[in-house]
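Take a look at the structure below.
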Number of protein chains: 2
Amino acid sequence: MDKETDGILQNRPAARDVDATDRKILGVLVDDATVSYAELGDRVGLSPPAAHERVKRLRRSGTIRNTAAIIDPKAVRKPLLAFVHIDTKGWGKTPELMAISEHPEVEEIHSVAGDTCMLIKVRTEDTRALEGLLSRLYETPGVTSTRSYVVLSTYLERPVQPGITTEWPAPRHMAKPLY
Amino acid sequence: MDKETDGILQNRPAARDVDATDRKILGVLVDDATVSYAELGDRVGLSPPAAHERVKRLRRSGTIRNTAAIIDPKAVRKPLLAFVHIDTKGWGKTPELMAISEHPEVEEIHSVAGDTCMLIKVRTEDTRALEGLLSRLYETPGVTSTRSYVVLSTYLERPVQPGITTEWPAPRHMAKPLY
DNA sequence: ATAATCGCCGTATTAAATTCTGTATCAATA
DNA sequence: TATTGATACAGAATTTAATACGGCGATTAT
């Protein structure tokens, strides 16, 4: 199918009403938006360019909001993401923190304001691997467990542009389910 | 984007796990599945054919369940559909039924088994037009209202192939929301 | 009646999808 | 360690589809 470069908020491209042919087109595209305009035209009784025109209009008018891939959540389930509080003897680049950061599962280490402990973000394949990692972490001299952590099972991570978290309304991809 | 003719239930095309690049691809396609493979490749750091291969695999493995148009329900709301019981003096092609069938809003007329009245299916733009039609119908000599009807507001009608209603499990388009 | 508009078709052109071939990389194996 | 096989990729070539364009018939407005 085509890629429409002109935005949705164009200067009002004649918002005709959705007729029977349009509904047939929508019925096809809801099922499978990867059909060619030739096949689409065949199914609804139009020539390829005519079908193309219809779809373009349906997109511009917002009747077709989007054309999106529908993802199987099970297939894209990501490994576990855990935020773990740990106690160390100090802050900064102490030997304990150096040792912790050696583990590839540890992605971030934060000094938490108003608290005497560190917060680390770790990512593992499953709970078993998470437990193994934590026990290994707690074996590090000077590191003690606070038994305070959050474990999340993420689906699909999406990059967030710097700054947009302060925008309002929220950017579209923040409002959509993360799969 | 492409149209995959080979079915999903192929003989197990190596269900590799979804890696970081796949997730990037999914992130793009969830937002907008109309991007070309060239642009998709650009965004995830692959050549167009490589991106194509990845997407093909994601489709075959079922990770990408479908690529569908997302429709604005408000834009495709259909006129009212009403099923109305009416009393007539008889069955068959009586003058009353002929008069009723003259109205273009009347799409079907049924003789109902085990009942002495008729069931007609009518379609109007809105409730106002529906009321007007009904009052006109009831003005027909020999036709009296039973004050029994059902009014539905449909979104998008989809043709149903003859016979499939007896199939099990139900065909996919029966299970999907009708917009 | 006449002009204007709209939606469509057929054709031509452009762009993208798809195929093909060679290559680098990694893993398993002799 | 060398070798084989499989995998994923890039680049070029080919096929197919998307898109632009011109003209026609029907409908609507003037």
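Proteins get letters first, then strands, A, B, ... in listed order; numbering begins at 1 in each.
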- Run the salt-bridge test on Glu139(A) and Arg136(A) with the 4.0 Å N-O cut-off and return the result as yes or no. no
- Query: Below 4.0 angstrom from OP1 or OP2 of dA20(D), is there any side-chain N or O of Lys56(A)?
  - Reply: yes
- Query: Would you say Asn66(B)'s side chain and Asp31(A)'s backbone share a donor-acceptor pair under 3.5 angstrom?
  - Reply: yes
- Task: Write down the distance between CG (Leu58(B)) and P (dA8(D)), rounded to a whole number of angstrom.
- Result: 11 Å
- Query: Roughly how far apart are Met118(B) CE and Ile109(B) CD1, rounded to 0.5 Å?
  - Reply: 6.5 Å
- Ionic contact status for Glu53(A) with Arg57(A), cut-off 4.0 Å: no
- Message: Keeping Thr140(A) on the side-chain end and Val143(A) on the backbone end, is there a donor-acceptor pair under 3.5 Å?
- Response: no
- Could you verify whether a donor N or O on one side chain and an acceptor N or O on the other, from Thr67(B) and Arg59(B), lie under 3.5 Å apart? yes
- Item | Between C1' of dA8(D) and NE2 of His52(B), the distance in whole Å | 15 Å
- Grab the CD-P distance between Glu39(B) and dA15(C) for me, whole Å please. 15 Å
- Any salt bridge between Arg54(B) and Asp19(B), counting N to O under 4.0 Å? yes
- Contacts of Ser148(B) that satisfy side-chain hydrogen bond (donor to acceptor under 3.5 Å, both in side chains) - sequence neighbours left out: His85(B)
Using atom names, set out every protein N or O paired with an N or O of nucleotides 22-28 of chain C below 3.5 Å, distance rounded to 0.1 Å.
none

- Task: Assign a letter to each nucleotide of nucleotides 7-12 of chain C from its 5' end: B, base within under 4.0 Å of a protein heavy atom; S, sugar-phosphate only; -, no contact.
- Result: SSBBB-
- In whole angstrom, what separates Leu40(A)'s CG from dT16(D)'s P? 20 Å
